[in-house]
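Working notes, structure below.
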Amino acid sequence: MKHLKLVINNGNIKKDIFFNKSELQIILNLYAKMVSNGEWKDYGMNISKKEIDFNVYHRASDFPVYKITKNLDAKNKNEKYLIKNSQNQIIKKSEGLKNLLNNIVWSKLKLVN
């Protein structure tokens with residue numbers, strides 16, 4: 001009886017259901033840089049059970065030009081963070097948000113309506 005261990009609520013591990021503070025800081029730093037360059041004008045967020053999207057708009061009334069997505073139900077670990085275009089096609093994917101956003105040359109991506 002000396003080596004017994006009590007485990008309570010073992011199956012209820014809290015998952016990330018939103019961007020955490022450091023992830024949001026990275027995204028908002030990029031957003032501020034792109035707004036100051038005149039590329040991006042507005043943003044919005046979309047939350048579902050499977051993913052969280054940070055939507056970037058070129059104009060306030062348009063559809064999102066880019067979506068920075070955190071995949072909550074990723075099959076592969078390199079698909080946790082995604083960047084999608086306006087047609088919801090994956091441009092780039094990575095397991096780390098900072099690597100994903102730093103490895104894209106945003107000036108080479110053209111805004112196409």
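Everything numeric here is computed off the predicted structure, so don't read it as measured data.
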Exercise for review: Identify which one of N55, I91, D53, I104 satisfies the side chain to side chain contact (heavy atoms under 4.5 Å, CB included) criterion when paired with Y66.
Suggested key: I91
Check your understanding: If you look at every heavy atom in S86 and P64, which pair is closest and at what distance?
Key -> CB-O, 3.3 Å
Exercise for review: Would you give the length of the straight line joining atom NZ of K80 to atom CD of E51, rounded to the nearest 0.5 angstrom?
Suggested key: 13.5 Å
Exercise for review: Determine, using the 4.5 Å side-chain heavy-atom cutoff (strictly less than), whether V65 and I90 are members of one ILVMFWY cluster.
Suggested key: no
Exercise for review: Working to the nearest 0.5 Å, report the span between CD1 of I83 and CG of L101.
Suggested key: 5.0 Å
Point to revise | Residue list, ring-ring contact (aromatic ring centres under 6.0 Å, His included) with Y43, at least two apart or on another chain | key: Y31, F54
Check your understanding: What heavy-atom pair brings G44 and Y57 nearest, and what distance separates the two atoms?
Key -> N-CE1, 3.8 Å
Exercise for review: Calculate, to the nearest 0.5 Å, the distance between atoms CG and CE belonging to N37 and M34 respectively.
Suggested key: 6.0 Å
Revision key, fill the gap. Distance col, row I68:CD1 vs L82:CG, nearest 0.5 angstrom, shows 11.0 Å
Review point. Are I27 and K70 close enough that some pair of their side-chain heavy atoms sits under 4.5 Å apart?
Key: no
Check your understanding: Under the side chain to side chain donor-acceptor pair (under 3.5 Å) rule, what pairs show up with a residue in residues 90-104, not counting sequence neighbours?
Key -> E79-K93
Point to revise | N/O donor-acceptor pair under 3.5 Å between H58 side chain and K41 backbone | key: no
Exercise for review: Return yes if some donor-acceptor pair links the side-chain N/O of K67 with the main-chain N/O of N88 below 3.5 Å, else return no.
Suggested key: no
Point to revise | Check: N78 main-chain N/O paired with N76 side-chain donor or acceptor under 3.5 Å | key: no
**Study point:** Hydrophobic cluster membership, L28 vs L97, 4.5 Å side-chain cutoff
**Key:** yes
Exercise for review: Supply the atom-to-atom distance Y81 OH to N71 CG, rounded to the nearest 0.5 angstrom.
Suggested key: 10.5 Å
